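These numbers come from a predicted model, not from an experiment. Both ligands and their constituent atoms are indexed starting at 1 by order of listing.
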Amino acid sequence: MIHLVRHGEAAGEDQADPGLSDHGRRQVEAVANRLAFRPIRQVLHGPSRRTSETACILTENLGAGATPSDLLVDRTPVPSAERRGDYPTHRWEWFEDVPATERDLDGAELTEAWHRLWFEHHDEEIVLVTHAFVIAWFVRQVLNAPPATWMRIGPIGNATLTSIGPNLAGEPVVETFNAEVVLPP
Ligand SMILES: O=C(O)[C@@H](CO)OP(=O)(O)O
């Protein structure tokens, strides 16, 4: 079972690489409680500060180890000129503004990342801490849905849980999607 967790709420969204807010830390502690009885030994996380801090809280609570992975870096799938027609025209301008560092042409890197993660981890129970668009693309990949579908999956909330496990035939199945923890007031 692969548990995809989006990082908790970020502090100061305007910073280049923000860490977690106090609320974000509490959100992640609540996710850790939800996962407390699962046999999780490893937490992989992206290189950003908000994903590393999320992984750190999870590992402290779960007694697991944290490992950074470039497969979980924040990426935005943008269509190549040939595939732009797959997306509604009102989205085209938005793609132009995606920063160069986050652009993933036709989601090729994300697709490769998901295949590797599933291949390497489908028979263990693991947490992958990453970003909203990455989770949406991975779910689209599992559903074998057309590329533009990723923009209609979510929005993926902060510190949500999306769990993907093998069915009896060994195929990936979305068992839990975008599940939020409810914090006491
Ligand atoms: O930058 C964003 O809007 C998303 C994209 O994946 O990332 P994050 O989950 O860090 O908000």
Q) Backbone or side chain, does any N or O of V134 fall under 3.5 Å from an N or O of ligand 1? A) no
**Asked** Does ligand 1 have an atom under 4.0 Å from some heavy atom of E102?
**Response**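 Not so, E102 does not reach ligand 1.
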Would you please determine whether R75 falls within less than 4.0 Å of ligand 1 on a heavy-atom basis? no
According to the interplanar angle, ranging from 0 to 90°, do the rings of F138 and W114 count as parallel (below 30°), tilted (30 to 60°) or perpendicular (above 60°)?
->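 Taking W114 first and then F138, their aromatic rings sit tilted (interplane angle of 30° to 60°).
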As an exercise, identify every atom of ligand 1 less than 4.0 angstrom from a heavy atom of [X].
| X | result |
| --- | --- |
| D74 | 1 (O), 4 (C), 5 (C), 6 (O), 7 (O) |
| R50 | 10 (O) |
| H7 | 8 (P), 9 (O), 10 (O), 11 (O) |

Among E125, E175, H3, R38, exactly one meets side-chain hydrogen bond (donor to acceptor under 3.5 Å, both in side chains) together with S163. Which residue is that?
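One option only clears the test, and that one is H3.
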Only one of E102, E112, E109 passes salt bridge (charged side-chain N to carboxylate O under 4.0 Å, His left out) with R75, and that residue is E109
Review point. Are W150 and F133 near enough that their ring centres are under 6.0 Å apart?
Key: yes
Out of L4, V127, N178, L35, which one pairs with L161 under the side-chain contact (heavy atoms from CB on, under 4.5 Å) rule?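 Among L4, V127, N178, L35, the one that satisfies the side-chain contact (heavy atoms from CB on, under 4.5 Å) with L161 is L35.
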